[in-house]
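Lettering of chains follows the sequences in order, A, B, ..., and the numbering in each one begins at 1.
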Amino acid sequence: MPVLEVEAVEKSFDGVRAVQGISFSVERGEILGLLGPNGAGKTTLIRMVIGIFLPDRGAVRYFFGGKPGPLQRERIGYLPEERGLHRKARVLDLLVYYAELKGIPREEARRRAREWLSRLGLSAWERRKVEALSKGMQQKVQFLAAILHEPELVILDEPFMGLDPVNQDLFQELILELKGSSAVILSSHQMNLVEGLCDRVLFIQKGREVLQGPLDEVRRSYGRYRVELRFRGDGAWLRELPGIEGLELSPGKASFSLGFGVEPREFLESLPDELEVEEISLRRPTLHEIFVDLVGGTG
Amino acid sequence: MKLLKVARWEFSQRVKSKAFLVTLFVTPFIWAIAGSIPLLVDRAVEGEERLIAVIDGTGNIFPRLSRLLEDSRIKAIGADAPLDELLDDLERKEIDGVLVLEEDLLRGGAAALYSRSLGGAWLGELRDALSRAVSAWRLQDRGYDPDEVFSLVEDVKIVSVPVGRKLPDPRAVALPLGIAILLNVGAFMAGVTLFSNIVNEKRERQAELLLSSVTVRDFLFGKIIGTGGAVFLQVAIWGALGYVVAQRAFSFPISITQLPFSKLLLSLLYFALGYLFFCALLSVFGAGMEAREGEGGAVGIVVILPMVPLWLSGLVAMEPDLGIWRLLSLIPFFTPGMMLLRLGVSQVPWWEIATTLAMLSLATILLLEFAAKVLQVGLFMYGKSASLGELLRWGIRAFKR
């Protein structure tokens, strides 16, 4: 059973339709990638899920503890895209405050906060004010505020934004850990980071769903292999080859996509016998390429 | 209750801040200094004596003038030296003025006064004494007894005795009036603090995280209670300090425990409703504001409106039951301020209390609901401050849902 089910939700602001008829669900033990360019409607969709906005149409259903029921904010963890912490508050106090608002008793909240701060290397900063922390540290604190109460549904809006590569790896590790006990919605436009984490993806553009499904299926169904080729001699023959698109040709080097439905074996058999191939690579399109392709095509 | 958790957080953050402690201790000092400056200046000035040299060309005025000035702060000395010499003395600050009385003064002419800084009260005293001395000479010259004539033309005094109401003892109304003013000031300070808090949270994007944990009502009420609690703690400390100082300095005829309990209770009720009304009003504007610097004229007016009764407090205390004050008491913007003042100094009829309480309660409930609706939208509208029209539209649209 899903933890969250969203059915055909719509939301407009002053006549501008921010979200139009989007449906999806997410289960415990699953990470759903919510992908789309800036202004696609991701944040509005998330705000409807966490009850900040009411949808104009459609429904948001919750199944916390495996039972249908109303929105329970205590069971949701949220890392907003717009980062904002009380700058004058002390780190530990702030984490305890947010955990208390999520229904965790104060002492337990303090214990958990200390444990997590230690794990993220922030123990020495627990009595410092938020304003004394670096941006990366603040991001960690905000991440902790979202998960300290062990929510059933975790929503992370652009969690990698502003992080250095080391912390990006750390966050990836933490998000994968969350998957063990929660349903996770991960909104981002950093496809390379999302790709290794998501089980399913939902692409939205201009408030509408563009593509949705399990990651492998999306990549497979999107189906256009990328080919990188190094060869000897004249490559002009590539122009005559059926079933290839987006050819970029330079002396001894070519890159292109196979047409929709063209299988690698089919393509390899179509290569002329006289071709002296030095190196060839075939791979499924990355999320980034699918994203750019979709956004480019519809935007 | 999450509301109380938000309130406790707001209260503790505010009370623990340096700004709170600085304001708590520095403000009474500023008040004490500001209050004592005029007193000190007055005392310093009062004690000063002015020395006037009088060249009496009439040969008749100086002795009486000198006698008339005996009990004043001006000391007159007769001078035989030429005017130029006396002006040199004046330049060297050995004397404060030179008064020259020519012969024609007795026939309606003017006296000349040379001085560096003899103005205001001193000049008035000197003029009165001189007028009396010259008048006395003229009367005597015509054969009258000046003292007898002056006693005959003495001013008649009128004592105003109002019918139907006793004039309040200024010291007796000072305490309830002081409480009313303090509560008004507290509500104003807390409302403005809440407004800044909401604008800051919106600008620094803190509200979104909070609203993923609590409803917008818990958010708003928690802030109102927490911010108000901290500000009123401050005001209560100042009030207690002021009360102790005033008791010792002016010895009020009644103490706070002698004030009628029902009046105190009603005052607190008006104050609480007024505070909620004011906070709700400012929250609406705070939600639409992108930055505090950008606050427009509308906010300025909203901030000023509840202060109007304070400016009128002197007039209200004198005639608390005037028609205009009754009318203002019915307008929710002014109800708390007007009623706090009127309750402090008079017996307001029960039907007026009931009507104003009912109207203020209704207006407050509606406005709080409206503020919550506007906050729900306004806190997430970034980029520019909302116009009054937009704020109204957001609220009305949310109400229709």
Note, [X] side chain near [Y] side chain (heavy atom, < 4.5 Å):
X	Y	value
Val377(B)	Phe53(A)	no
His86(A)	Trp9(B)	yes
Asp93(A)	Lys16(B)	yes
Lys2(B)	Glu74(A)	yes
Leu85(A)	Gln206(B)	no

Looking only at heavy atoms, which of residues 210-219 of chain B get nearer than 4.5 Å to chain A?
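So far as heavy atoms go, Leu210(B), Leu211(B), Ser212(B), Ser213(B), Val214(B), Thr215(B) are the residues that approach chain A to under 4.5 Å.
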
Neighbour count >12 (heavy atoms, 6.0 Å) for atom CZ, Arg208(A):
no

Does a sphere of radius 6.0 Å around CZ in Arg111(A) hold more than 12 heavy atoms from other residues, nucleotides or ligands, not counting ones at 6.0 Å or beyond?
yes

Is [X] close to chain B through its backbone or its side chain, or both, or neither, when contacts mean heavy atoms under 4.5 Å?
X	result
Gln72(A)	neither
Ile46(A)	neither
Arg75(A)	neither

Of all of Ile155(A), Leu94(A), Leu79(A), which one pairs up most often with chain B through heavy atoms under 4.5 Å apart?
Leu94(A)

For chain B, which residues from residues 112-130 of chain A have at least one heavy atom closer than 4.5 Å to it?
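The residues closer than 4.5 Å to chain B amount to none at all.
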
Just by modelled atom types, is the Lys5(B) backbone N or O under 3.5 Å from a matching donor or acceptor in the Glu100(A) side chain?
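No: the side chain of Glu100(A) does not pair with the backbone of Lys5(B).
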
Any idea which of Glu201(B), Arg8(B), Gln13(B) has the most non-hydrogen atom pairs under 4.5 angstrom with chain A?
Arg8(B)

Kindly compute the distance separating CG (Leu209(B)) from OH (Tyr78(A)), expressed to the nearest 0.5 Å.
8.5 Å

Does Arg47(A) form a salt bridge (charged side-chain N to carboxylate O under 4.0 Å, His left out) with Glu208(B)? I'd like the steps, not just the answer.
CA-CA 9 Å; Arg47(A) 285 175 181 167; Glu208(B) 188 157 9; 2.8 Å; yes

